[in-house]
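The block underneath contains the structure these notes are about, expressed in structure tokens.
Labels below follow one simple rule: chain letters A, B, ... track the order of the sequence lines, proteins then strands, and each chain is numbered from 1.
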Amino acid sequence: MTAGRTARGDTATLVVGVDIGNSTTEACVAELGVDGPRYLGGALAPTSGVKGTAENVPGVVKVVHEALSAAGRSADELATVLVNEATPVISGLAMETITETIITESTMIGHNPDTPGGAGLGVGTTVAFAELADCPPGEPVVCVVGAGVDFEDAAAGIDAAVARGVAVTGAVVRADDANLIVNRLSTPIPVVDEVTLVEKVPLGMPAAVEVAEPGRTVRTLSNSYGIATLFELTPEQTRMVAPVARALVGNRSAVVVRTPHGDIADRRIPAGTLTLIGEHSTLSVGVDAGAEEIMATLRRVAPLSDATGESGTHVGGMLAAVRDAMTETLADAPDTHDSPDAHDAPDARTGGQDVRIQDILAVDTFVPQHVTGALAGEFALENAVALAAMVRTSRGPMEALAEQIRAALGTDVVVGGVEADMAVLGALTTPGTERPVAILDLGGGSTDAALAMPGGDVTSVHLAGAGDLVTKLIDSELGLENRELAEDIKRHPLAKSESFFHVRMEDGTARFFDEPLPADAFARVVVLGEEGMRPIPTRHSLEKIRQVRRSAKHKVFVVNAVRALERVAPGGNLREIGFVVVLGGSALDFEIPDLIAEAVAGSGIVCGTGNVRGSQGPRNAVATGLVAEHAAGPR
Amino acid sequence: MTAGRTARGDTATLVVGVDIGNSTTEACVAELGVDGPRYLGGALAPTSGVKGTAENVPGVVKVVHEALSAAGRSADELATVLVNEATPVISGLAMETITETIITESTMIGHNPDTPGGAGLGVGTTVAFAELADCPPGEPVVCVVGAGVDFEDAAAGIDAAVARGVAVTGAVVRADDANLIVNRLSTPIPVVDEVTLVEKVPLGMPAAVEVAEPGRTVRTLSNSYGIATLFELTPEQTRMVAPVARALVGNRSAVVVRTPHGDIADRRIPAGTLTLIGEHSTLSVGVDAGAEEIMATLRRVAPLSDATGESGTHVGGMLAAVRDAMTETLADAPDTHDSPDAHDAPDARTGGQDVRIQDILAVDTFVPQHVTGALAGEFALENAVALAAMVRTSRGPMEALAEQIRAALGTDVVVGGVEADMAVLGALTTPGTERPVAILDLGGGSTDAALAMPGGDVTSVHLAGAGDLVTKLIDSELGLENRELAEDIKRHPLAKSESFFHVRMEDGTARFFDEPLPADAFARVVVLGEEGMRPIPTRHSLEKIRQVRRSAKHKVFVVNAVRALERVAPGGNLREIGFVVVLGGSALDFEIPDLIAEAVAGSGIVCGTGNVRGSQGPRNAVATGLVAEHAAGPR
Amino acid sequence: MSVADRRAERARRQPPAVVLRHLGEPGTVMRDLCAGLEEEGVPVLLETSEPATAESRPAQAGAVAMAFAAAQASTLGVGIGVDAAAVCVHHAKRPAASPVLTADLTQARWCGHNAARLVVGLPFKQRPGTTGERMEESWPHS
Amino acid sequence: MSVADRRAERARRQPPAVVLRHLGEPGTVMRDLCAGLEEEGVPVLLETSEPATAESRPAQAGAVAMAFAAAQASTLGVGIGVDAAAVCVHHAKRPAASPVLTADLTQARWCGHNAARLVVGLPFKQRPGTTGERMEESWPHS
Ligand SMILES: Nc1ncnc2c1ncn2[C@@H]1O[C@H](COP(=O)(O)OP(=O)(O)O)[C@@H](O)[C@H]1O
Ligand SMILES: Nc1ncnc2c1ncn2[C@@H]1O[C@H](COP(=O)(O)OP(=O)(O)O)[C@@H](O)[C@H]1O
Ligand SMILES: [Mg+2]
Ligand SMILES: [Mg+2]
């Protein structure tokens with residue numbers, strides 16, 4: 001290290017480039033000599049406070065010191081700190097559930113107990129177990145066994161009724177007793193058990209109980225004409241019962257009760273409307289129209305100047321919150337209006353209350369919700385729309401911040417060039433890249449892209465929706481209600497603990513352990529996080545969790561990558577882009593860069609994760625770009 | 001039974017309706033009395049010979065006798081046998097592989113041995129194990145260990161070289177010895193083993209070996225810029241290496257060798273062209289353009305009058321074979337030209353050599369193929385296009401056939417009404433249905449649909465592609481080369497035998513067995529067929545096989561159901577169809593009817609599997625319709 | 001060969017089963033345990049332990065030790081021990097002192113279910129009285 | 001307690017391992033077996049059987065009986081027996097006379113791999129000399 005310094009002579013000056021990101025502040029130390037910058041190292045730390053505000057100072061001081069000490073240099077050798085423009089970005093997420101499933105008159109039971117009993121189909125009038133003894137012979141009945149009835153008594157009671165000539169064709173049971181009962185009957189019947197609200201099953205009504213063989217699903221009750229056959233329904237009645245059949249598709253066991261007005265409804269919940277104000281036109285779209293319609297409306301009004309959501313809805317609240325947060329940030333900044341950034345859209349004005357939503361990403365998702373009126377705690381996957389919105393100023397209150405960093409570090413602080421330009425400069429230190437190059441900066445709140453053409457022109461775009469939205473989708477689609485676990489699932493592969501001594505990885509390989517695994521992980525899906533295996537407390541299969549994880553990444557990042565590249569590419573033509581360099585925290589993900597590379601592979605693009613300075617991976621591009629720009633001298 | 005006969009008096013006549021299908025011949029016995037038909041039973045047997053030819057007689061005789069004996073009636077009570085029109089349908093399937101992966105100069109190894117060794121990345125010049133002792137210290141090398149080298153010797157040799165200062169950074173090994181070697185090294189290195197053609201690894205070239213932690217995938221060699229960093233590539237060289245990186249995505253271990261002209265190419269194989277002759281225009285399309293393009297071209301020329309395939313290609317051969325088979329069938333039929341059927345498209349002329357292709361279904365698929373030039377037996381999933389084509393006459397040589405049936409059974413034989421009308425009449429015996437009703441007859445070779453409007457008008461359509469294509473897709477996508485196993489996989493759910501005493505079903509439930517399961521099923525995916533568990537001799541995961549199975553069903557039947565319904569619906573609007581009744585052999589499938597119901601659910605249609613006469617399920621519609629039509633008397 | 005050894009030998013010739021060892025006469029606790037196993041479809045083999053060996057140890061250790069021994073004797077590697085105060089489910093491959101689960105006698109039914117689930121590799125049922133986990137099943141919507 | 005019993009007791013206190021019982025000195029057969037297990041990452045415990053017991057039976061039955069006993073002693077339920085002519089892999093849960101697999105001594109390495117795969121639930125490797133199964137892996141195309 002000392003040799004290096006001496007070789008360059010005393011003319012070398014020590015600089016640190018600092019990139020204040022929304023989530024992460026990164027630093028890059030370099031020595032500037034006659035033959036360009038010599039990079040000595042870097043550091044990174046969580047950003048303190050909202051990007052672009054005075055709160056950032058502690059984070060900046062921390063990374064500068066860490067970077068210097070990692071490079072073996074002391075603070076008093078430092079000549080200049082270069083800071084990026086740090087334009088504040090505020091993003092928000094909201095979710096609206098747009099469907100609701102309601103069962104009326106306890107028409108059906110569509111849950112999947114682990115151990116239903118018997119196999120086949122039984123049809124008859126529902127009779128409470130206590131009344132079974134009073135049933136006249138001949139009549140086919142379905143027996144409803146409430147709480148507190150012992151399985152031996154239940155079996156004996158049913159067998160006695162059958163001996164008297166009562167055709168007991170099936171049973172619905174409160175306890176987890178189906179096989180215990182069936183095993184004790186002289187003739188097995190289909191039994192659906194673990195029906196928690198069994199006391200609500202309507203009595204004296206025609207009903208059908210179906211249980212399929214293990215590994216199979218019901219065939220009759222999931223078929224509208226099957227139900228029509230059993231209950232001799234008219235075409236009109238069959239039309240009414242069709243939603244019941246559809247809800248039962250895929251279940252191993254089911255009960256359908258024929259009540260006068262029984263129904264199952266898939267209601268669409270009217271969600272709020274979203275008003276998208278374009279430069280040339282304004283259009284409104286109902287959130288319940290779904291993501292595709294919202295995004296199509298967005299394209300129709302593009303470029304977007306602002307958006308508002310109906311007040312009293314989640315969307316309205318979210319857009320207002322994003323706007324308020326930005327207003328508050330800017331209120332702290334006396335110098336908001338200096339030097340508007342030529343690279344940004346002209347609508348991104350930041351004066352006082354004049355904060356405008358710059359982009360919106362709508363994503364179709366689903367949320368598992370309890371079915372209203374269900375008798376056995378059934379869930380339905382209700383449709384929902386998740387929205388990400390973003391506000392970004394053209395330039396933050398940088399001078400005040402620079403002044404405070406200057407005071408804290410006691411060195412010269414220079415506010416560097418345009419962030420997108422810096423990111424491109426940093427990205428181009430990745431081996432194997434050249435202009436035309438596009439960067440995709442996949443952060444937590446926003447997906448940013450910039451394209452640098454051979455001439456040096458840089459076009460950039462900032463889109464709503466990134467890593468935090470992926471985490472939120474994983475959390476809600478799996479019904480975890482645990483964002484931190486969702487973040488772990490996002491970042492790490494899954495496994496299933498198959499015995500006390502081995503787990504099976506999601507790629508099918510097995511791994512043996514010398515020490516017995518904890519009993520509470522047994523037969524569970526676990527996420528292989530940094531702190532070892534973490535059981536996921538749901539009953540979703542490994543494949544299901546994997547598919548939710550990958551589709552969330554696809555819905556956010558593949559969609560945004562294509563949107564962003566189409567916006568920066570000349571004439572929207574991706575073939576004009578030679579290289580795509582993926583950067584940012586979400587580029588560290590183990591599958592997001594591959595998903596993006598696959599999506600753009602058709603366009604003849606070389607796409608990969610950045611490797612800034614040949615060593616930093618997808619991190620440190622802006623910090624490195626600041627140094628490179630500074631080293632090149634004033635343009 | 002006797003009571004029933006007496007009650008109806010002696011006026012009741014006994015009839016049997018017989019439907020000669022492509023695969024299955026079905027019969028329905030009924031007694032016609034004053035108050036309509038009284039159905040007594042039915043039977044079914046495989047169709048003997050090509051539908052509509054004299055070969056069918058034995059099959060017809062068999063089902064008539066079986067149906068009568070099932071109903072407890074004797075042949076001499078039989079008044080009339082009603083036969084459907086039995087228009088011959090000939091269908092064919094073909095497949096063209098349209099991509100090919102070729103590795104030149106042994107640039108890479110992208111296989112996934114179960115047990116690679118070490119973890120991390122090693123870069124160096126490739127050196128044969130025998131030459132390791134001659135390596136000068138300092139130079140980083142990747143050691144290539146050929147066949148016959150013992151793992152202890154390999155480890156000792158590497159350790160000795162390291163002790164001399166040679167930086168051995170990784171190894172490529174012939175035997176399954178990676179962990180054995182790594183466990184014996186003083187410093188672990190990444191080792192890729194089971195490289196069958198290890199002797200072809202180019203020596204003296206820069207190479208990189210990467211092994212990921214269990215459950216993870218390589219990150220550097222699957223990233224173009226990662227490879228560019230390791231080998232200090234120019235942007236132009238990086239562009240060349242991008243396909244290597246893409247091929248390595250998802251692998252746990254990988255080797256990349258940097259050779260002067262090393263490359264991996266995804267070549268598109270020029271497949272033949274298909275010429276689609278419409279009534280108004282003729283268009284050609286390359287088979288390698290893919291299914292979407294072929295189907296779009298088909299829509300552009302619709303209605304189709306004929307199609308030809310470039311001779312010398314699979315497609316050309318298949319279309320010619322279909323045509324020839326039909327020509328041969330018709331050659332046996334002197335009475336081909338009598339009474340052309342008004343319901344059929346006018347282009348379906350059947351004179352002599354004038355046989356025309358009536359419909360084509362193209363489906364995108366993939367075939368696992370050995371990668372040319374691969375060193376470790378790697379497979380690539382090559383793209384392919386599967387095609388189904390169909391020829392159908394407007395009316396078969398029925399009189400000759402009827403005469404022979406008459407002779408064989410000694411009863412009156414009546415050739416019944418139009419097949420589609422009969423199917424609708426039969427389908428309407430399903431409880432809960434009324435006009436407007438559409439039937440979807442899912443057979444082996446063709447998907448037929450008919451719509452009956454309240455007025456009685458019936459529109460019908462016959463499309464290429466059905467159950468046999470699904471079986472073929474499953475067979476080829478899984479690389480089974482066993483159609484019978486593929487048929488089993490199509491029809492039955494999967495399970496995995498997880499121990500000697502239990503299997504896990506594809507729905508996640510477990511099933512315990514008292515008797516130990518056979519050792520050769522251990523840890524295998526099995527199909528739960530009629531004859532018990534049958535191991536599937538591949539290494540595909542249960543999820544993968546399930547996904548191939550379901551997507552094959554989707555690609556054929558959901559696509560064809562929507563195509564067919566759009567063609568018969570007034571103005572192509574599915575909302576005009578009230579009820580859809582799914583019929584035919586493939587309607588017995590445990591998931592196809594659900595897939596179709598889900599696809600049309602948005603259009604407010606009641607869709608379900610037919611239940612002919614409230615008891616026959618999706619079978620026997622045409623046979624029942626023949627009886628119903630006959631009972632209603634001449635129209 | 002000792003009595004215990006002969007019993008293990010006998011168990012090996014039996015059809016595969018979970019082994020249940022208990023003190024004294026089978027009562028409702030045993031009935032609940034067997035019911036849990038039966039509902040899950042896994043066979044069980046009942047054996048009475050000599051009170052002498054078990055009483056010389058503290059209550060829970062008794063159940064744990066019995067369960068571990070039962071697991072060794074089980075062809076399925078799963079054993080259940082019941083003493084005067086506790087039920088224990090054990091697995092032959094675990095360390096003797098670290099059973100799969102222990103519970104008081106009122107939770108016998110739950111123990112029976114989980115002993116069976118240990119055999120077939122299903123996640124354990126939630127302990128009675130604890131909050132249920134999310135999403136037992138769900139219907140897709142469209 | 002007999003020698004065999006004490007050995008079983010000892011094995012239980014050991015870390016989990018496949019138990020390998022053989023006659024006489026460990027040779028290349030044993031080395032191959034252990035190599036197969038080591039490559040798959042599953043520990044093995046070597047035990048020498050008294051020739052007396054084994055020699056009184058026919059060759060293969062010797063390996064099978066040794067393997068079954070070894071499986072009983074293994075905390076993982078998997079045992080290997082080697083006599084003068086054969087290698088046998090057995091599982092504690094299987095009937096004694098129906099081993100998982102037997103092979104001649106030249107296939108010891110393959111037996112070692114599969115004993116390990118039995119523990120972690122991976123499909124067995126193809127027997128050397130039989131035709132390979134299709135599709136070890138495949139790359140997606142686009
Ligand atoms: N190892 C990782 N794998 C996947 N995602 C990651 C990883 N590390 C960070 N992230 C994600 O990166 C996002 C933050 O990216 P970052 O670039 O630090 O944000 P910003 O650009 O806003 O400063 C978060 O959504 C976080 O979940
Ligand atoms: N149980 C079943 N599950 C799924 N498919 C079935 C079943 N039984 C028959 N098939 C399929 O039905 C097709 C034959 O249908 P069928 O109606 O008999 O033909 P056709 O109408 O040509 O006479 C074949 O592709 C066969 O695989
Ligand atoms: Mg139950
Ligand atoms: Mg290996």
Check your understanding: Roughly how far, to the nearest 0.5 Å, is CZ of B:Phe500 from CZ of D:Arg94?
Key -> 4.5 Å

Study note, to complete from the structure: Nearest heavy-atom contact between B:Asp176 and D:Glu39 is OD1-OE2, 3.1 Å

Let me have the donor-acceptor pairs involving side chains of residues 113-122 of chain D, under 3.5 Å, with sequence neighbours excluded, atom names and distances please.
unit_1	atom_1	unit_2	atom_2	d
D:His113	ND1	D:Glu40	OE2	2.7
D:His113	NE2	D:Arg109	NE	3.1
D:Asn114	OD1	D:Lys125	N	2.9
D:Arg117	NE	D:Glu40	OE2	3.2
D:Arg117	NH1	D:Pro123	O	2.6
D:Arg117	NH2	B:Asp114	OD2	2.3

Practice item. Select one option (side chain, backbone, both, neither) describing which atoms of B:Ile98 are under 4.5 Å from chain D's heavy atoms. Key: neither

Check your understanding: Do the charged groups of B:Glu152 and D:Arg31 touch, with an N to O distance under 4.0 Å?
Key -> yes

Review point. Are D:Pro95 and B:Pro516 side-chain neighbours, meaning at least one heavy-atom pair lies under 4.5 Å?
Key: yes

Practice item. Return yes if a side-chain donor-acceptor contact under 3.5 Å exists between D:Glu38 and B:Asn179, otherwise no. Key: no

Study note, to complete from the structure: Whatever's closer than 4.5 Å to a heavy atom in chain D on B:Phe522 counts as both

Review point. Under a 4.5 Å heavy-atom cut-off, does chain D meet the side chain of B:Asp150, its backbone, both or neither?
Key: side chain

Exercise for review: Please flag which part of B:Asp520 lies under 4.5 Å from any non-hydrogen atom of chain D: side chain, backbone, both or neither.
Suggested key: neither

Point to revise | Heavy-atom closest contact (B:Arg524 atom, D:Phe124 atom, distance) | key: NH2-O, 3.8 Å

